Trainee: 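Starting off with a structure, shown below.
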Amino acid sequence: MAVQIREATAADWPAIWPFFHAIVAAGETYTYPRDMDEATARETWLLTPPGRTVVAVDDSGTVLGTAKMNPNHMGGASHIASASFMVDPRCGGRGVGRALGENVLAWARAEGYRAMQFNAVVETNTGAVALWKSLGFQIMTTLPEGFRHPTKGYVGLHIMYQQL
């Protein structure tokens with residue numbers, strides 16, 4: 001299966017929302033409120049410049065995943081990028097996350113960012129941690145018990161970083 005990355009449009013939201021909602025409601029990997037409503041989710045995820053939101057699609061145009069990227073901070077720290085990723089759980093293990101990660105890193109380099117920082121990677125999300133490490137990220141620190149997992153209790157929250 002070929003994975004293509006393109007800019008997200010408002011027309012993509014109905015395909016994003018079902019897996020976005022399921023992932024957030026599960027409460028295992030995101031710091032968003034589990035009961036986040038659709039309007040808030042859409043506003044949070046579909047960014048405008050200087051941010052960017054993309055979708056990963058297959059050859060038929062089916063949305064497989066999505067990523068948003070943006071400056072991590074404003075002002076004197078605006079040269080550090082950040083990003084968030086969601087892959088439809090039905091599409092896991094097909095390289096969608098890797099394709100999105102590579103695209104986001106290429107974007108950040110092209111935009112002149114000096115580094116990328118992930119502020120909150122749940123340590124029990126081992127697939128994501130392994131993927132980010134394979135793409136050159138390192139764990140800078142872990143906030144012990146920084147995340148309340150619905151079944152595992154309080155677990156660590158990694159801050160991950162890569163110089164570009």
Side-chain angles (χ1 to χ4, degrees), residues 8 16-47 50-56 64-109 111-164:
I16 296 169
W17 171 244
F19 66 85
F20 182 105
H21 177 65
I23 290 167
V24 171
E28 297 176 350
T29 56
Y30 272 86
T31 61
Y32 296 143
R34 291 186 199 168
D35 62 351
M36 179 182 266
D37 65 79
E38 184 175 1
T40 303
R42 181 182 171 133
E43 183 179 329
T44 300
W45 200 259
L46 296 180
L47 301 182
R52 175 180 181 237
T53 303
V54 297
V55 290
L64 310 170
T66 181
K68 68 173 187 156
M69 58 221 79
N70 47 272
N72 194 36
H73 297 287
M74 298 181 288
S78 63
H79 60 284
I80 308 297
S82 191
S84 298
F85 304 82
M86 287 197 190
V87 175
D88 186 327
R90 299 172 298 177
C91 302
R94 298 189 206 171
V96 177
R98 178 170 296 281
L100 286 165
E102 290 171 349
N103 181 274
V104 165
L105 287 167
W107 169 83
R109 287 183 185 104
E111 291 294 310
Y113 287 96
R114 295 182 51 93
M116 182 167 282
Q117 176 180 324
F118 296 156
N119 301 321
V121 182
V122 179
E123 72 179 351
T124 55
N125 189 358
T126 55
V129 173
L131 173 60
W132 305 139
K133 283 182 173 181
S134 78
L135 288 173
F137 285 85
Q138 59 183 312
I139 297 170
M140 299 303 293
T141 194
T142 302
L143 178 62
E145 298 188 350
F147 185 80
R148 190 176 61 234
H149 192 281
T151 61
K152 298 176 182 177
Y154 290 96
V155 300
L157 201 56
H158 295 319
I159 297 173
M160 299 186 77
Y161 169 85
Q162 179 180 155
Q163 189 168 355
L164 300 175

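The structure displayed is predicted, hence computed values, not measured ones.
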Trainee: Quick one: CD1 on Ile159 to CZ on Phe137, what's the gap to the nearest 0.5 Å?
Mentor: 13.5 Å
Trainee: Using the side chain to side chain donor-acceptor pair (under 3.5 Å) criterion, which residues pair with Asp35? Sequence neighbours excluded.
Mentor: none
Trainee: What residues, two or more places apart in sequence or in another chain, satisfy ring pair (Phe, Tyr, Trp, His ring centres under 6.0 Å) together with Tyr113?
Mentor: Trp107
Trainee: Taking only residues two or more places apart in sequence, or in another chain, which ones meet Arg34 in a side chain to side chain donor-acceptor pair (under 3.5 Å)?
Mentor: none
Trainee: Determine which pairs satisfy side chain to side chain donor-acceptor pair (under 3.5 Å) with at least one residue from residues 154-164, sequence neighbours left out, and list them in order.
Mentor: Arg109-Gln162, Thr142-His158
Trainee: Taking atom CG of Asp37 and atom NE2 of His21, what is their separation to the nearest 0.5 Å?
Mentor: 10.5 Å
Trainee: Holding to side-chain contact (heavy atoms from CB on, under 4.5 Å), I want the full list of residues that pass it with Arg98, two or more places apart in sequence or in another chain.
Mentor: Glu102, Leu131, Ser134, Leu135
Trainee: Tell me which pairs pass salt bridge (Lys or Arg N to Asp or Glu O under 4.0 Å) where either residue lies in residues 119-137, with sequence neighbours left out.
Mentor: none
Trainee: Of all residues at least two apart in sequence or in a different chain, which pass the side-chain contact (heavy atoms from CB on, under 4.5 Å) check with Ala99?
Mentor: Val3, Ile5
Trainee: Testing the 3.5 Å rule here: is there a donor-acceptor pair between the side chains of Trp45 and Thr66?
Mentor: yes
Trainee: Taking only residues two or more places apart in sequence or in another chain, which ones pass side-chain contact (heavy atoms from CB on, under 4.5 Å) with Thr29?
Mentor: Ile23, Asn125
Trainee: With a 3.5 Å cut-off and sequence neighbours excluded, list the donor-acceptor pairs that the side chains of residues 72-85 form with protein atoms.
Mentor:
residue	atom	partner	partner atom	Å
Asn72	OD1	Asn119	ND2	2.7
Asn72	ND2	Asn119	OD1	3.3
Ser78	OG	Gly75	O	2.8
His79	ND1	Gly76	O	3.3
Ser82	OG	Gln117	O	2.8

Trainee: With sequence neighbours excluded, what pairs up with His149 under the side-chain contact (heavy atoms from CB on, under 4.5 Å) test?
Mentor: Glu28, Thr124, Phe147, Thr151, Lys152, Val155
Trainee: If we ignore hydrogens and angles and just use 3.5 Å, is the side chain of Thr40 paired with the main-chain N or O of Met36 as donor and acceptor?
Mentor: no
Trainee: For Asp88, which residues count as a side chain to side chain donor-acceptor pair (under 3.5 Å) partner, sequence neighbours excluded?
Mentor: Arg90
